[in-house]
Trainee: 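This is the structure I want to talk about, given as structure tokens.
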Amino acid sequence: MDSQTVLLVFIAVGLDGVAGLAGGVLSERWLQRRLPALVAFAAGTLLCAVFLEVLPEAVATLGDSAFTWAFGSFVALALLEWALGHHHHHAEAAAGHVHGHAHGHTHAHGAPTLPAALLASDALHNIGDGAAVAAAFLVSPNAGFATAFAVIIHELPQEVGDYALLRAAGWSRAKSLVALGAVQLTAAVGAGAVLVGTRYLPSLQGTVLAIAGGSFLYIGAVDLLPELRRGPDSRQRVVGFLCGLLLIGGLHFLERFLGGHH
């Protein structure tokens, strides 16, 4: 692991942090127009990175046990997301009301506990995102960028919804953005833990990659890929998905081709 990899990891985590402030900047109308094609593109890049780079690297390090770790990760993430699913559902449902509550006139039921629970859930999610991005960069820049892009796109509607819920709970615009920005810093904790752990315990790298591979497969196949079948603009979504596959696949095979000539 060199200094360039560490720098790329924290640049990607920083960009993910900026996405956490999307609620105060982006409108639901903009997201509805742009997000479907971007989500499809993210699904293509992430799934391509999983099967061409992350899982093969994990298998090369761990052997067949990599599949056991990947499967365990897939199942664990499914259970975790189901347990926290109410947060994501309500956050995304609230995104459309953010401008209607711009001055905080509407207060959500259970306002004293809602913000704390929402921010705690977000922090846990962001730690996992940071760890996933770092693990992907340990494989290659292609896998890292694909993962970071997918994480950012996946977070946009959630962060808009989180902002809406905080505003509906009576928080000011500034307080909501500061809180969401602070929570985004937890992604650096996840990324740092992976980087430090694999540096001082190199044997962990294969396990980390296998776990990341299962997580990426879940995010790409369960969270992102179903978006291809929603809405009337399915052609744009399919094109976005294929472009994601072609981008990461093309870079992967170009690297292999050039590497074979050195």
Side-chain angles (χ1 to χ4, degrees), residues 1 3-28 30-31 34-35 38-39 41-43 45-46 49 77 80-81 84 87-88 91-92 94-95 98 114-139 141-167 169 171-198 208 212 215-216 219-220 223-224:
M1 179 177 59
S3 58
Q4 181 181 5
T5 300
V6 175
L7 178 62
L8 289 174
V9 167
F10 284 102
I11 288 175
V13 169
L15 293 175
D16 178 45
V18 173
L21 306 179
V25 178
L26 301 178
S27 69
E28 178 69 7
W30 187 93
L31 283 176
R34 303 285 190 268
L35 198 60
L38 290 174
V39 167
F41 181 81
T45 60
L46 190 58
L77 189 57
L80 178 63
E81 191 161 273
L84 301 177
H87 155 61
H88 298 299
E92 292 175 11
V98 61
L114 173 64
L118 182 147
L119 293 172
S121 175
D122 225 4
L124 179 63
H125 186 78
N126 289 332
I127 289 173
D129 286 345
V133 169
F137 272 107
L138 292 176
V139 178
N142 291 345
F145 287 125
T147 303
F149 182 80
V151 164
I152 290 170
I153 294 302
H154 182 53
E155 276 201 352
L156 284 177
Q158 177 193 324
E159 296 300 342
V160 172
D162 287 350
Y163 174 80
L165 284 174
L166 293 176
R167 298 286 277 129
W171 287 31
S172 68
R173 183 173 186 271
K175 184 178 180 181
S176 298
L177 290 176
V178 168
L180 290 173
V183 165
Q184 289 299 310
L185 295 177
T186 58
V189 175
V194 168
L195 294 177
V196 171
T198 55
V208 167
S215 301
F216 299 163
I219 293 169
D223 285 343
L224 302 181

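No experiment lies behind these values; they were computed from the predicted model shown. For reference, positions follow the sequence shown, starting with 1.
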Trainee: Working to the nearest 0.5 Å, report the span between CG of L185 and CG of L180.
Mentor: 11.5 Å
Trainee: Using the side-chain contact (heavy atoms from CB on, under 4.5 Å) rule, pick out the option among L8, V6, L7 that qualifies with Q4.
Mentor: L8
Trainee: Where do A187 and D16 come nearest, in terms of heavy atoms and distance?
Mentor: CB-OD2, 4.1 Å
Trainee: Can you check whether D162 reaches V183 side chain to side chain, under 4.5 Å on heavy atoms?
Mentor: no
Trainee: Looking at CH2 of W171 and CG of L165, how far apart are the two atoms once the value is rounded to the nearest 0.5 Å?
Mentor: 11.5 Å
Trainee: Which heavy-atom pair separates F41 from F149 by the least distance, and what is that distance?
Mentor: CD2-CE2, 3.2 Å
Trainee: Kindly indicate whether the side chain of L119, heavy atoms from C-beta on, has any atom under 4.5 Å from the side chain of L166.
Mentor: yes
Trainee: Just wondering, do V9 and L138 contact through their side chains at under 4.5 Å, heavy atoms?
Mentor: no
Trainee: For the side chain of T186 and the backbone of V189, is there at least one donor-acceptor N/O pair under 3.5 Å apart?
Mentor: no
Trainee: I152 and side-chain contact (heavy atoms from CB on, under 4.5 Å): which partner among V18, L15, V133?
Mentor: L15
Trainee: Within the structure provided, determine whether I11 and F137 are in side-chain contact (heavy-atom separation under 4.5 Å).
Mentor: no
Trainee: Please name the pair of heavy atoms, one in V208 and one in A135, separated by the smallest distance, quoted to 0.1 Å.
Mentor: CG1-CB, 3.6 Å
Trainee: Would L195 and F10 satisfy side chain to side chain contact (heavy atoms under 4.5 Å, CB included), going step by step from the backbone distance to the final call?
Mentor: CA-CA 11 Å; L195 294 177; F10 284 102; 3.6 Å; yes
Trainee: Looking only at non-hydrogen atoms, find the nearest pair between A150 and A42 and report the distance.
Mentor: CA-CB, 3.7 Å
Trainee: Rounded to the nearest 0.5 Å, what separation is found between the CG atom of L46 and the CD1 atom of I153?
Mentor: 12.0 Å
Trainee: Do you know which two heavy atoms are closest between L224 and A43, and how far apart they sit?
Mentor: CB-CB, 3.7 Å
